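To start, the structure itself, in structure tokens.
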Amino acid sequence: MRERRYYFQLLILTIFAATASATWHRALRVSAANHSESSPTFYRDVLPILQQHCQSCHRPDEIAPLPLMTYEQARPEARSIAFNTANRKMPPWFADRSIGHFANDPSLTPQEIALLDAWWKAKAPAGDPHDAPVPRVWTNGWNIPQPDAIVKLTKPVALPAQGDIEYTYEIVPTHFTEAKWVQLSEIRPSSRESVHHAVVYVRPPGSKWLEHVPVGVPFTAADMVDEKSRRDALWTDADILLVYAPGSSPDRLPDGMAKLVPAGSDLVFQMHYMARGHAAKDQTAIGLIFAKQPPSQRVLTLQLTNDHFVIPPGADDFRVEARGTLPNDATLLSFLPHMHLRGKRFEYNIVRKDGTIEPLLRVNWDFYWQLSYQLAQPLPLTAGTELQAVAWYDNSKANPHNPDPTAAVHWGDQTYDEMMVGFFDVAVRADLDKWKYFVRPGHASEVPR
């Protein structure tokens, strides 16, 4: 009798344990399901962020070292994505967030950053592929839609493995039989690692600039036998179609605004190359998309430049300034600062009549990401407005990119020299070219550098 009572109690305990175990496992499954439903997934939550903010660079044959187009590509990088976005290293953007708003700002919101962090911590679940957004359509080889015209260097430029490379030029005919208004444009080097920067100028028919230089042949100032051609290769006031530097955005001008390439013009490519330890070839191209109808305003690229400075050895916060006054009304559209390896910060300001400063842009400088900054709301400026550009340089040994902290640094073409150029775009009346725009009432035309 005692044995049967013991057996009955043991049976009750066994049933209770089994029931408790089943309940516990069921609770775990419910908890896991709830966790899965609440955690971000790649297709539903992460992929839209990558499409909007990352894939312009993170896709095959683009500037970023790895693509982020698929789950299989993104999953191994989940931790890196969370870390670099949380620290705002990616997407790259260097403007002071308290000053101005910019149409091409790729920065993530705090909510998007938190979502990417939660996705990594949840072990990067894929989710349901049916939740994926419609794939973003990219034009192969371009960050703009398929260009209406592509103009590229006639001959590839052979680049040495070592040593300084002088600025290299090439004059390329457009063969345009009618004037073209360019609304979108993009410069694409074929050897991106070799290109420090590039400027494409417009040379209209009848121009005397580089008139004695052969067309379609790469050349440098040192190749010129006459003094005028040598001087033309070192300085020009020609109209700028587009400036390229690593990380800079394509030109996307607002509706009703465009740059003009007159019929029969040549494009002059100015290429600043760097030797990378191995021989290379480059055949840079520019893609152009034309306005559907003549615009009401013409866009000009101007610049504030100071080429008379000496940065002392060891100076860690050396200031260089340039100023200029607008001769006529204009609408300010965008900025592109340019410095070299000792660059630290750059800013653009309006200087009021009473001497007070209205900041327009403040950026921390990164030589390897020379971004352009396009105003979200174009800013009308009246004739007489004074613009100021200020650059700071770190020539100390604390600068890890400094080629030589013991050297006094001057303006120069090579990366171990320095530059101070504040490019900016303005929109003016469609009938004004750069030279007419700089005719001040009662004065002769003067195009500043």
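Scope of the values below: all heavy atoms of this structure, side chains included, with no hydrogens, waters or symmetry mates. The structure presented is a predicted model; accordingly, all values stated were derived computationally and were not measured.
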Rounded to the nearest 0.5 Å, what separates atom CZ in F346 from atom CG in L336?
9.0 Å
Within the 4.5 Å heavy-atom criterion, are D329 and V428 side-chain neighbours or not?
no
One thing to verify: whether D226 and R230 come together as a salt bridge, which I'm taking to mean a side-chain N less than 4.0 angstrom from a carboxylate O.
no
Any chance CG of D431 has more than 12 other-residue heavy atoms, nucleotides or ligands included, within less than 6.0 Å?
yes
Any donor-acceptor N or O pair under 3.5 Å, side chains D232, S229:
no
Please report the interatomic distance OG(S248) to CZ(F423), rounded to the nearest 0.5 Å.
10.5 Å
Would a distance-only check, ignoring hydrogens and angles, find a side-chain to backbone donor-acceptor pair under 3.5 Å from W365 to H340?
yes
What distance do S185 atom OG and I144 atom CD1 have between them, rounded to the nearest 0.5 Å?
6.5 Å
Under the criterion side chain to side chain donor-acceptor pair (under 3.5 Å), I'd like the reasoning laid out for D255 against Q183: C-alpha separation, chi angles, the key distance, then a yes or no.
CA-CA 8 Å; D255 289 340; Q183 189 169 9; 3.1 Å; yes
Determine, stepwise, if the pair D404 / T406 fulfils side chain to side chain donor-acceptor pair (under 3.5 Å).
CA-CA 5 Å; D404 183 2; T406 67; 2.5 Å; yes
Using a 6.0 Å cut-off, check whether atom CZ of R79 has over 12 heavy atoms from anything other than its own residue.
no
May I ask you to check whether Y348 and F335 place their ring centres under 6.0 Å from each other?
yes
Can you list every pair that meets ring pair (Phe, Tyr, Trp, His ring centres under 6.0 Å) and has a residue in residues 146-174, with sequence neighbours left out?
Y167-H197, Y167-H272, Y169-F219
Using a strict 4.0 Å threshold on nitrogen-to-oxygen distance, state whether R362 and E347 make a salt bridge.
yes
Would you mind checking if R188 and E62 are paired as a salt bridge, meaning a charged N to carboxylate O distance below 4.0 Å?
yes
NZ (K152) with more than 12 external heavy atoms under 6.0 Å
no
Would you say that more than 12 heavy atoms from the other residues, nucleotides or ligands in this model lie under 6.0 Å from the NZ of K228, or not?
yes
Indicate whether the side chain of N402 and that of R342 have a donor and an acceptor atom separated by less than 3.5 Å.
yes
Working to the nearest 0.5 Å, report the span between CG of N328 and NZ of K436.
12.5 Å
For D316 and N395, which I'm curious about, is there any donor-acceptor pair between the side chains at under 3.5 Å?
no
Spacing of L116 atom CG and N84 atom CG [to the nearest 0.5 Å]:
11.0 Å
If you apply the rule side chain to side chain contact (heavy atoms under 4.5 Å, CB included), what do you find for W119 with D45, and how did you get there?
CA-CA 9 Å; W119 180 63; D45 305 296; over 6 Å; no
Please determine if K259 and D251 form a salt bridge, counting it only when a charged side-chain N lies under 4.0 Å from a carboxylate O.
yes
After noting the C-alpha distance and the side-chain angles of N349 and R323, does the key distance pass the side chain to side chain donor-acceptor pair (under 3.5 Å) rule?
CA-CA 9 Å; N349 304 303; R323 294 191 183 197; over 6 Å; no
Aromatic centroids of Y201 and W209 separated by under 6.0 Å
yes
Using distance alone, with no hydrogens and no angle criterion, decide if Y393 and N399 have a side-chain donor and acceptor under 3.5 Å apart.
no
Considering all heavy atoms, the nearest P313-A408 contact:
CG-N, 3.8 Å
Checking the side chain of Q73 only, and the main-chain atoms of T70 only, is there a donor and an acceptor separated by less than 3.5 Å?
yes
Does any N or O in the side chain of E112 come within less than 3.5 Å of the main-chain N or O of T109, such that one atom is a donor and the other an acceptor?
yes
D354: side-chain hydrogen bond (donor to acceptor under 3.5 Å, both in side chains) partners, not counting sequence neighbours
T356
Gap between atom OG of S56 and atom CZ of R136 - 0.5 Å precision:
7.0 Å
Any donor-acceptor pair under 3.5 Å linking the side chain of S80 with the backbone of E77?
no
Report the C-alpha distance between R298 and D433 in whole Å, list the side-chain angles of each, state the deciding distance to 0.1 Å, and finish with yes or no for salt bridge (Lys or Arg N to Asp or Glu O under 4.0 Å).
CA-CA 8 Å; R298 178 172 177 171; D433 60 21; 5.1 Å; no
Does atom CG of N87 have more than 12 heavy-atom neighbours from other groups under 6.0 Å away?
yes
Ring pair (Phe, Tyr, Trp, His ring centres under 6.0 Å) involving F290 - partner list, sequence neighbours excluded:
F176
Classify the angle between the aromatic ring planes of H196 and H338 as parallel (below 30°), tilted (30 to 60°) or perpendicular (above 60°).
perpendicular
Around atom CD of Q377, are there more than 12 heavy atoms from other residues, nucleotides or ligands closer than 6.0 Å?
no
R75 CZ: over 12 foreign heavy atoms closer than 6.0 Å
no
Answer with yes or no whether the side chains of S98 and D96 bring together a donor and an acceptor at under 3.5 Å.
yes
For a quick test of reading the model, state the closest non-hydrogen atom pair linking A263 to P205 and the distance between them.
O-CG, 3.1 Å
Output, in order, the C-alpha distance, side-chain angles, deciding distance and verdict of side chain to side chain donor-acceptor pair (under 3.5 Å) for R429 and S296.
CA-CA 7 Å; R429 291 198 330 255; S296 58; over 6 Å; no
Using a cut-off of 6.0 Å, state whether more than 12 heavy atoms not belonging to Q293 lie near its atom CD.
no
Hey, are R319 and E321 close enough for a salt bridge, meaning a charged N less than 4.0 Å from a carboxylate O?
yes
Between D282 and R192, is there a side-chain N and carboxylate O pair less than 4.0 Å apart?
no
